[in-house]
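Computed from a predicted model, the values in this text were never measured in an experiment.
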Amino acid sequence: IGVIDTLFDERVYFSEWVEFRNMLSEDIPLSSKDYEHGTAVSSIIVDGPSSNPHLDDGCGRFRVRHFGVASGNQFSSFAILRSINEIIAANKDIKVWNLSLGSKLEINPNFISPEAAILDRIQYENDVIFVIAGTNKLSSETKPKAIGAPADSINSLIVNAVDHERRPAKYSRKGPVLSFFTKPDVSYYGGDEKEPMRVCTPVGEAFVKGTSFAAPWIARKLSYLIDVLGLGREVAKALIINSATGWNKQVIDSSIIGHGVVPINIEEVVK
């Protein structure tokens, strides 16, 4: 699985499963904080079920090619997109890409963001699929807030977060995109105050919450369907969405939860 995120710390216990490439300019000063988010995201993809046994999906462990394109909290989305274009072109063997970065600003209701449009084109031209986090609200923000770019990408699989009782997490932002595309596509467990997600960071175990930590679980499932079972990306995406939908009428607002919550075990997605 390809991960496009902040930097990765190669001292963690699972580092031999991760091939890390720093795409940032050497002029950018770095601190230990710049390694936290990216390392945590890759820890879920490689070995998430070990630290979160209740979320054991039966998919095993995954190798990661991790590209550090952003530092800390501030980044330019267009600099990142330029990097993404180069990265995808040079790594044709990877079909599933996890992107847990997004804008604090809301999308425009009348058009797709330039970032999302570029990602849609990249996916179409390279036969890859992005799994993108549905972006978070700050804890101080109480009103509903629309998702941020690039979570309005139509071809990508956009993932929002729910708590362990399958209710939308407090930090979830909402769609739809252009008033008729259901975004996010699906939801998954992203941790909350009561039951945070356990991840590995450069300084050891951490307890986190956010759509950033729901997306990697869906990337694992997609990679299993595409790289292990050999399905095409459209079929794999359709299976994930179908498994979340079920036969019952949605009782929760689809603008926050998408088509539904994806089941934990990969068997339930496949069968």
Side-chain angles (χ1 to χ4, degrees), residues 1 3-15 17-18 20 30-57 59 61-62 64 66-75 97-104 131-141 145 147-148 151 158-173 184 186-221 256-257 261-262 264:
I1 297 176
V3 171
I4 294 169
D5 213 288
T6 64
L7 305 174
F8 176 77
D9 192 311
E10 296 181 275
R11 295 170 302 174
V12 290
Y13 77 93
F14 59 91
S15 64
W17 286 68
V18 181
F20 172 56
L30 298 174
S31 72
S32 58
K33 207 163 173 48
D34 300 327
Y35 291 83
E36 284 173 11
H37 189 270
T39 307
V41 166
S42 278
S43 79
I44 292 176
I45 292 179
V46 174
D47 198 26
S50 291
S51 44
N52 301 277
H54 60 295
L55 293 176
D56 188 352
D57 48 19
C59 294
R61 292 189 173 92
F62 291 85
V64 166
H66 187 118
F67 298 87
V69 298
S71 61
N73 299 324
Q74 304 295 323
F75 48 81
W97 292 87
N98 187 91
L99 187 58
S100 287
L101 301 172
S103 172
K104 294 187 171 81
V131 180
I132 299 179
T135 60
N136 305 324
K137 282 195 300 198
L138 300 171
S139 48
S140 56
E141 296 174 308
K145 184 175 182 179
I147 55 176
I158 312 300
V159 185
N160 247 5
V162 289
D163 61 21
H164 61 287
E165 286 165 10
R166 298 166 68 94
R167 291 186 308 244
K170 289 188 178 126
Y171 48 80
S172 288
R173 288 160 70 170
V186 293
S187 289
Y188 202 69
Y189 307 94
D192 60 2
E193 272 87 10
K194 272 195 202 152
E195 204 166 306
M197 188 70 66
R198 293 172 70 180
V199 293
C200 175
T201 69
V203 292
E205 184 179 55
F207 296 90
V208 295
K209 59 185 198 290
T211 55
S212 287
F213 309 108
W217 291 99
I218 300 300
R220 286 169 56 87
K221 288 179 166 59
I256 293 187
I257 212 139
V261 182
V262 178
I264 292 173

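Side-chain atoms of N98 do not come within 3.5 Å of backbone N or O of V3 as any donor-acceptor pair. Side-chain N or O atoms of Y171 include one that pairs as donor or acceptor with a backbone N or O of G210 at under 3.5 Å. Panel note: side chain R220, backbone I45; a donor-acceptor pair is recorded below 3.5 Å. A donor-acceptor contact shorter than 3.5 Å is absent between the side chain of S103 and the backbone of G148. S42 contributes no side-chain N or O that, together with a main-chain N or O of T39, makes up a donor-acceptor pair within less than 3.5 Å. In this structure, the side chain of H66 engages the main chain of T6 through a donor-acceptor pair within 3.5 Å. For D34 (side chain) and S31 (main-chain N/O), a donor-acceptor pair under 3.5 Å exists by modelled atom type. Without hydrogens or angle criteria, N160 side chain to I256 main chain gives a donor-acceptor distance under 3.5 Å. Side-chain atoms of K145 come within 3.5 Å of backbone atoms of K104 as a donor-acceptor pair (strictly under, hydrogens ignored). Listed for the S100 side chain is no donor-acceptor partner under 3.5 Å among the backbone atoms of A133.
Between S187 and P168, every side-chain heavy-atom pair lies at or beyond the 4.5 Å cut-off. At a threshold of 4.5 Å between non-hydrogen side-chain atoms, the residues Y189 and V162 count as touching. No side-chain heavy atom of V64 sits less than 4.5 Å from a side-chain heavy atom of F14. Side-chain contact check for E195 versus H54: some heavy-atom pair is nearer than 4.5 Å. Put simply, the side chain of H37 reaches to within 4.5 Å of the side chain of F213, judged on heavy atoms. A 4.5 Å side-chain heavy-atom check between L101 and V69 finds at least one atom pair inside the cut-off. Counting heavy atoms from C-beta outward, K170 and D192 have side chains that stay 4.5 Å or more apart. Two residues are said to be in side-chain contact when any heavy atoms from C-beta on lie closer than 4.5 Å; V41 and F8 fail this criterion.
To the nearest 0.5 Å, atoms CE (M197) and CH2 (W217) are separated by 6.0 Å. Atom CZ of R198 and atom CZ of F207 lie 5.0 Å apart (nearest 0.5 Å). Considering CG of L30 and OH of Y35, their distance stands at 5.0 Å, rounded to 0.5 Å. Taken from CD1 in I44 to CD1 in I218, the straight-line distance is 11.5 Å, to the nearest 0.5 Å.
Side-chain polar atoms of T211 and N136 form a donor-acceptor pair below 3.5 angstrom.
Heavy atoms only, all atoms of each residue included: I4 and W97 are closest at CD1-CE3, 3.7 Å. Between G190 and A214, the shortest heavy-atom contact is CA-CB, 4.0 Å. Closest heavy-atom contact between K209 and G191: CB-O, 3.3 Å. Closest heavy-atom contact between V12 and D9: CG2-O, 3.3 Å. Residue K221 comes nearest to I264 through the heavy atom pair NZ-O, 2.8 Å, listed as atom of the first residue, atom of the second, then distance. When all heavy atoms of V131 and A219 are compared, the closest pair comes out as CG2-CA, 3.9 Å.
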Requested in this report: Start with the C-alpha distance between Y13 and D47, add both sets of side-chain angles, then the distance that settles side-chain hydrogen bond (donor to acceptor under 3.5 Å, both in side chains), and finish with yes or no.
Outcome: CA-CA 10 Å; Y13 77 93; D47 198 26; 2.7 Å; yes
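A salt bridge does not link D163 to K194: none of the charged side-chain nitrogens sits closer than 4.0 Å to a carboxylate oxygen.
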